[in-house]
Amino acid sequence: MDESTKITSQNITIGIIGMGRIGNVHYKNLMRIPNVTIKYVCDLLATTEWATKYKNAEHIVTDYHDILADSEVEAVLICVPTDLHPKITIEAAEAGKDIFCEKPVGFNDRDILKALDTVKRCGVKFEVGFNRRFDNNFRRIVDHRINGDIGDEQILKITSRDPEPPSLDYINHSGGIFMDMTIHDFDMARYITDAEVDQVYVIGNVLVDPKIGNAGDIDTAIISLSFKNGMMGVIDNSRQAVYGYDQRIELFGSKGMAHADNVVDSTTTYAGEKDVSGDKPMFFFLQRYIDAYKDEIESFLDAVRGNHEVECTFEDGIKAIRLAQAAKKSLETGQPVTVADI
């Protein structure tokens, strides 16, 4: 067995902190990935009945410190509410654990930067969970850019619309549409183009549900992006596309254009005397990005093994937050806003 095979096949022992919806997604995917030991799942609401539900985990605990104190655990997945991300990141880094953290990396700038400093000081690996970077369709756009097929980049278009708005309780704890929903698109704008955004200008409104407006948020937005290399971009968001989960990206340049369309329930179309029809886009993000979620965890595990660097860094996570902050300020002021540095 050569050295590269040893690295790829090395078993990794992990703990999952937070077993809500996304924690469960990662748990199920980890069961499909070889050479992984799920030693712990942790949640404040864990009960003895969870032993059956999470039978592939060796231990079920309610205190994440049990995971951090175990020297056999090499890496942790942080899947708790966003306001807890910096605190647990700091403690995990100080315990010497490599870290996969769901987006965003936090809400409070001071706490985020303290966590970044701790990760750097402790020398642990840290990856942010921007799963769309691992979607095969979007990666093909990046392939075309890297291969020179696009030429000089000129226009980026991102459409990102949810099939239905989340609950008001979720809205109240989400940090707002830019930090919760558009933050994925901000990260994709940087990933697809490999360019930095200089200014953001936003127009937005409440067109889906007045209750979202009463909660102090908007549900529909158009975001214009001015990149430092001169190219331009636009993101359109809606909390409700009645036909399904609408996810499209286009990169246009001097030599050509690459476009990734929606993923539909099937590629079958029907043609008859009166019309031609096909299936609608997949309805839920877990359907649309199920393979991307698995691929991002596999990539993180290989980074832990030393096979490559993490593909979405702490700095990437903060830069997406800076874009979200600029967007919020632009909406409030009605003016273009320059994106702040880390």
Side-chain angles (χ1 to χ4, degrees), residues 3 6-8 10-19 22-23 26-27 30 33 35-44 57-59 61-131 133-134 183 187 190-191 296-322 340-342:
E3 193 61 32
K6 288 180 182 178
I7 292 175
T8 303
Q10 174 191 343
N11 189 77
I12 302 295
T13 300
I14 70 158
I16 308 175
I17 303 172
M19 294 306 296
I22 198 64
H26 293 317
Y27 173 81
L30 284 164
I33 299 173
N35 304 314
V36 177
T37 297
I38 307 173
K39 190 165 185 181
Y40 294 91
V41 297
C42 172
D43 196 280
L44 288 173
E58 294 182 7
H59 303 283
V61 297
T62 57
D63 187 345
Y64 67 86
H65 293 98
D66 294 341
I67 301 175
L68 302 186
D70 190 332
S71 61
E72 291 186 356
V73 174
E74 299 160 83
V76 295
L77 275 59
I78 300 177
C79 308
V80 297
T82 299
D83 56 348
L84 296 174
H85 288 179
K87 171 181 169 60
I88 298 178
T89 292
I90 289 169
E91 294 181 33
E94 290 177 338
K97 313 301 183 189
D98 291 325
I99 301 162
F100 176 92
C101 181
E102 277 301 326
K103 66 82 191 170
V105 290
F107 288 143
N108 181 278
D109 273 353
R110 184 178 62 180
D111 294 342
I112 291 169
L113 293 175
K114 183 179 178 182
L116 173 63
D117 180 69
T118 305
V119 166
K120 297 297 185 184
R121 173 170 52 82
C122 295
V124 298
K125 296 180 175 67
F126 184 97
E127 180 156 328
V128 185
F130 279 120
N131 61 289
R133 287 180 175 232
F134 297 87
I183 196 165
D187 181 67
R190 296 184 58 250
Y191 171 68
E296 75 171 346
I297 293 298
E298 287 185 315
S299 174
F300 169 66
L301 293 171
D302 269 348
V304 172
R305 295 182 178 107
N307 223 15
H308 55 71
E309 297 298 319
V310 296
E311 295 193 57
C312 190
T313 66
F314 207 137
E315 289 86 351
D316 288 324
I318 296 177
K319 287 181 178 181
I321 289 173
R322 292 290 177 264
D341 293 332
I342 289 179

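The shortest distance between side-chain heavy atoms of Asp316 and Glu311 does not fall below 4.5 Å. In this structure, Val61 and Asp63 have side chains that are not in contact, with every pair of non-hydrogen atoms separated by 4.5 Å or more. A heavy-atom distance below 4.5 Å is not found between the side chains of Ile318 and Glu315. Residues Tyr40 and Val73 have side chains in contact (heavy-atom distance under 4.5 Å, counting atoms from C-beta outward). Ile14 places none of its side-chain heavy atoms less than 4.5 Å from the side chain of Lys39. In this structure the side chain of Ile17 reaches within 4.5 angstrom of the side chain of Ile67, judged on heavy atoms.
Taking CD1 of Ile78 as the reference point, atom SG of Cys42 lies at 11.0 Å (rounded to 0.5 Å). Atoms CD1 and CG, on Ile16 and Leu77 in that order, are 6.0 Å from each other to the nearest 0.5 Å. The CG atom of Leu301 lies 12.0 Å from the NZ atom of Lys125; values are rounded to the nearest 0.5 Å. Atom NE2 of His308 and atom CZ of Phe300 lie 10.5 Å apart (nearest 0.5 Å). Taken to the nearest 0.5 Å, the OH atom of Tyr27 stands 15.5 Å off from the CD1 atom of Ile22. One distance of note links OG1 of Thr118 with CD1 of Ile90; it measures 4.5 Å at 0.5 Å rounding.
Taking every heavy atom of both residues into account, Cys312 and Phe130 meet most closely at SG-CD1, 3.6 Å. Residues Gly129 and Phe100 approach most closely at CA-CZ, 3.5 Å, considering heavy atoms. Scanning both residues, Ile99 and Thr89, for their nearest heavy atoms gives CD1-O, 3.6 Å. Among all heavy-atom pairs drawn from Ile183 and Pro104, the shortest one is CD1-CB, 3.7 Å. Smallest separation of non-hydrogen atoms from Cys101 and Phe126: CB-CZ, 3.6 Å. Closest approach of Gly18 to Cys79, counting heavy atoms only: O-CB, 3.5 Å.
A salt bridge links Glu94 to Arg121: at least one charged side-chain nitrogen sits closer than 4.0 Å to a carboxylate oxygen. Between Arg305 and Asp302 a salt bridge is recorded (basic side-chain N to carboxylate O distance below 4.0 Å).
In this model, no donor atom of one side chain and acceptor atom of the other lie less than 3.5 Å apart for Thr13 and Glu72.
Between the side chain of Asn35 and the backbone N or O of Gln10, no donor-acceptor pair lies under 3.5 Å. Under the 3.5 Å distance criterion, the side-chain polar atoms of Asp43 are matched with a main-chain donor or acceptor of Met19.
Counting only residues at least two apart or in different chains, side chain to side chain donor-acceptor pair (under 3.5 Å) contacts with residues 95-116 comprise His26-Glu102, Asp109-Arg322, Asp109-Gln325. Within the structure, salt bridge (Lys or Arg N to Asp or Glu O under 4.0 Å) contacts touching residues 73-92 (residues at least two apart or in different chains) are Lys87-Glu91.
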Side chain to side chain contact (heavy atoms under 4.5 Å, CB included), that's the test. Do Lys319 and Ile342 meet it? Break it down for me.
CA-CA 6 Å; Lys319 287 181 178 181; Ile342 289 179; 3.9 Å; yes
